[in-house]
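Scroll down for the structure; my scribbles are underneath it.
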Amino acid sequence: MRLFLTGGAGFIGSHLAEALLARGDEVFCVDNFDPFYARSVKEENLREALRSPRFRFVEGDFRDRALVRRLLAESRAEAVLHLGAKAGVRPSVEDPAGYVSANVEGTIVLLEAARDLGVRKFLFASSSSVYGDDSQAPFSEDSAANRPASPYAATKKAGEELAHALHHVAGLDVVCLRYFTVYGPRQRPEMAIHKFARHLAEGRPLTVYGRGLLERDFTYVSDVVAGTVAALDFLVRTRPCFEVFNLGNANRVRLDDLLDVLQRTFGRRAELRYEERPAGDVERTWADVSKARRLLGYEPRVGIEEGVRRFAEWFEARRGAAGPPHAADGPGAASGGPPADASALRRPAATAERR
Ligand code: NAD
């Protein structure tokens, strides 16, 4: 299949690209190396995929209508996989407009281009954050999810709703995937697990929000990728189609328990500094995945102990090879925001292409 993938230089997108290439698909990828975290990390994420003759990469911004139309036409894609976004709950509290621009405007540009160029199949990466603090756990796709607790969550819900509108008025087939706290090799550097691992390795105290009682449904990246590929196949064979699926591990892990697993796995103890839950963070996430099980054959396979062990292997191997995986770690990163060391980042040049 020929696929148009946004955000393929990111954490989940780069794993997805590799899985699709491994099964013989052609992947045309657009990513603008958004400076949320270091460009060098994203270039490294792309390295494996770039070995494939069936992978094409263009550096560009999916808010650019003319560019998106030109590239989508050129790709002759049968489906759009829209994983690109400004991700992360906490930084969205400071920059709602930036999140709307990337996640809402960007999504409508892609939906319109898909409609106009007759690319009927559209997969949208949404988020468990749409469930906010009011939904009953475990979260089911049927719940209203109309009280987002952060600007990021609101932009993801808006993306789902725009996709629904284009399904309704223009006949696009759509699948929205609500990912639950994804982790594994290449995880974004500001996310829990990666950030804790880095601070553990550096002997720094760990800042624990919500007094350690927050719960997250941590989902290993290979499970999310398998679910995404299954959802793509479902999307391709289903017409008409508008479906929303939770892709989680279907287990809650308390932050305190995660910290135990991490400290045991890395064989280090750290001083824990407890702080109040930051604005935008929800109390818990917990996926009901029965719909994905039923319609996609989705089955999460990697539990938290095994997942953290695999993450630690990757983390240590990278540290051994090239020093700390992510040098940038200023106050922004410590509070869950983007790396503060902007000198590590280069602004994306004009559209550049690599094969
Ligand atoms: P990521 O930041 O690693 O990847 C996102 C990619 O999108 C980046 O490479 C970035 O450069 C690119 N991008 C951003 N704005 C762009 C633009 N205007 N034009 C082109 N490219 C642009 O994030 P991730 O963790 O891999 O998340 C992937 C998707 O999954 C996102 O849509 C995110 O919202 C969603 N999601 C992730 C998680 C998680 O736990 N990681 C959970 C729920 C939802």
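Remember, it's 1-based here, ligands and their atoms both numbered in the order they're listed.
Among all protein heavy atoms, the one lying closest to atom 22 (C) of ligand 1 is N32 OD1, 3.0 Å. Atom 31 (C) of ligand 1 has its closest protein heavy atom at L83 O, 3.1 Å. Considering only non-hydrogen protein atoms, atom 4 (O) of ligand 1 sits nearest to G10 CA, 3.4 Å. Counting only heavy atoms of the protein, atom 43 (C) of ligand 1 lies nearest to Y179 O, 3.2 Å. The protein heavy-atom contact nearest to atom 3 (O) of ligand 1 is Y37 OH, 2.5 Å. In terms of protein heavy atoms, atom 11 (O) of ligand 1 is closest to D31 OD1, 2.6 Å. If you check which protein heavy atom lies closest to atom 18 (N) of ligand 1, you get D61 OD1, 2.9 Å. In terms of protein heavy-atom proximity, atom 41 (N) of ligand 1 is closest to R188 NH1, 3.4 Å.
Distances between N or O atoms of G13 and those of ligand 1 include no value under 3.5 Å. For ligand 1, the polar-atom distance check finds an N/O of F11 within less than 3.5 Å of one of the ligand's N/O atoms. Considering backbone and side-chain atoms alike, K86 places every N or O at 3.5 Å or more from each N or O of ligand 1. The shortest N/O to N/O separation between A85 and ligand 1 falls below 3.5 Å. In terms of N/O distances under 3.5 Å, ligand 1 is not approached by V30. Among the atoms of K42, some N or O lies under 3.5 angstrom from an N or O of ligand 1. The shortest N/O to N/O separation between K156 and ligand 1 falls below 3.5 Å. Residue F180 has no nitrogen or oxygen atom sitting less than 3.5 Å from a nitrogen or oxygen atom of ligand 1, judged on distance alone. Taking any N or O of S127, backbone or side chain, none lies under 3.5 Å from an N or O belonging to ligand 1. Note: no N/O pair closer than 3.5 Å links G84 and ligand 1 by distance alone.
Under the 30°/60° scheme for interplanar angles, the aromatic rings of F242 and H167 are found to be tilted. Using bins of under 30°, 30° to 60° and over 60° for the plane-to-plane angle, the ring pair F139/F180 lands in the tilted bin. In this structure, H164 and H168 have parallel ring planes: the angle between them is below the 30° cut-off, well short of the 60° mark. Under the 30°/60° scheme for interplanar angles, the aromatic rings of W314 and F311 are found to be tilted. In this pair, H82 and F124 present their aromatic rings tilted. The plane angle is within the 30 to 60° band.
For E18 and R186, the salt-bridge test passes: some basic side-chain N is under 4.0 Å from an acidic carboxylate O. The pair E44-R47 meets the salt-bridge criterion, since a charged nitrogen lies less than 4.0 angstrom from a carboxylate oxygen. Between E316 and R319, at least one side-chain N (NZ, or NE/NH1/NH2) sits under 4.0 Å from a carboxylate O, which counts as a salt bridge. Salt-bridge annotation for R90 and E190: absent, with no side-chain N of the basic residue lying under 4.0 Å from a carboxylate O of the acidic one. Salt-bridge annotation for D116 and R65: absent, with no side-chain N of the basic residue lying under 4.0 Å from a carboxylate O of the acidic one. Of the charged side-chain nitrogens involved, none lies within less than 4.0 Å of a carboxylate oxygen, so that E26 and R56 do not count as a salt-bridged pair.
In this structure, S101 has no heavy atom closer than 4.0 Å to ligand 1. At a 4.0 Å cut-off, not a single heavy atom of R186 sits close enough to ligand 1 to count as contact. For the ligand labelled ligand 1, residue Y152 lies inside the 4.0 Å heavy-atom shell. At a 4.0 Å cut-off, at least one heavy atom of G60 sits close enough to ligand 1 to count as contact.
Taking every non-hydrogen atom of A9 and a distance limit under 4.0 Å, the qualifying atoms of ligand 1 come out as 9 (O). Each of the following atoms of ligand 1 lies closer than 4.0 Å to a heavy atom of D34: 10 (C), 11 (O), 14 (C). Counting the atoms of ligand 1 from 1 in the order shown, those under 4.0 Å from a heavy atom of I12 are 26 (O), 27 (O), 30 (O), 37 (C), 41 (N). The atoms of ligand 1 that sit less than 4.0 Å from any heavy atom of R63 are 18 (N). Every atom of ligand 1 with a heavy atom of F33 under 4.0 Å away is listed here by number and element: 11 (O).
The parts of V182 lying near ligand 1 are both backbone and side chain, judged by heavy-atom distances below 4.0 Å. Counting heavy atoms under 4.0 Å from ligand 1, residue F36 does not touch it at all. When heavy-atom distances to ligand 1 are checked against a 4.0 Å cut-off, M191 comes that close only through its side chain, counted from C-beta outward.
Judged by a 6.0 Å distance limit and a 45° cone about the ring axis, R178 is not positioned over the six-membered ring of F245. Cation-pi geometry between K42 and Y37 is met: the NZ or CZ atom falls under 6.0 Å from the ring centre, inside 45° of the normal. Both tests pass for R39 against the ring of F33: distance under 6.0 Å to the centre and angle within 45° of the axis.
A centroid separation of 6.0 Å or more is found between the aromatic rings of Y183 and F11.
Between F122 and the choices D173, L110, L166, the side-chain contact (heavy atoms from CB on, under 4.5 Å) rule is met once, by L110.
The main-chain N or O of V302 is never found under 3.5 Å from a side-chain atom of E306 such that the two would form a donor-acceptor pair. Looking only at distances, a side-chain donor or acceptor of K156 sits under 3.5 Å from a matching main-chain atom of A125.
In the candidate list A125, S126, A87, S126 is nearest to atom 44 (C) of ligand 1, counting heavy atoms.
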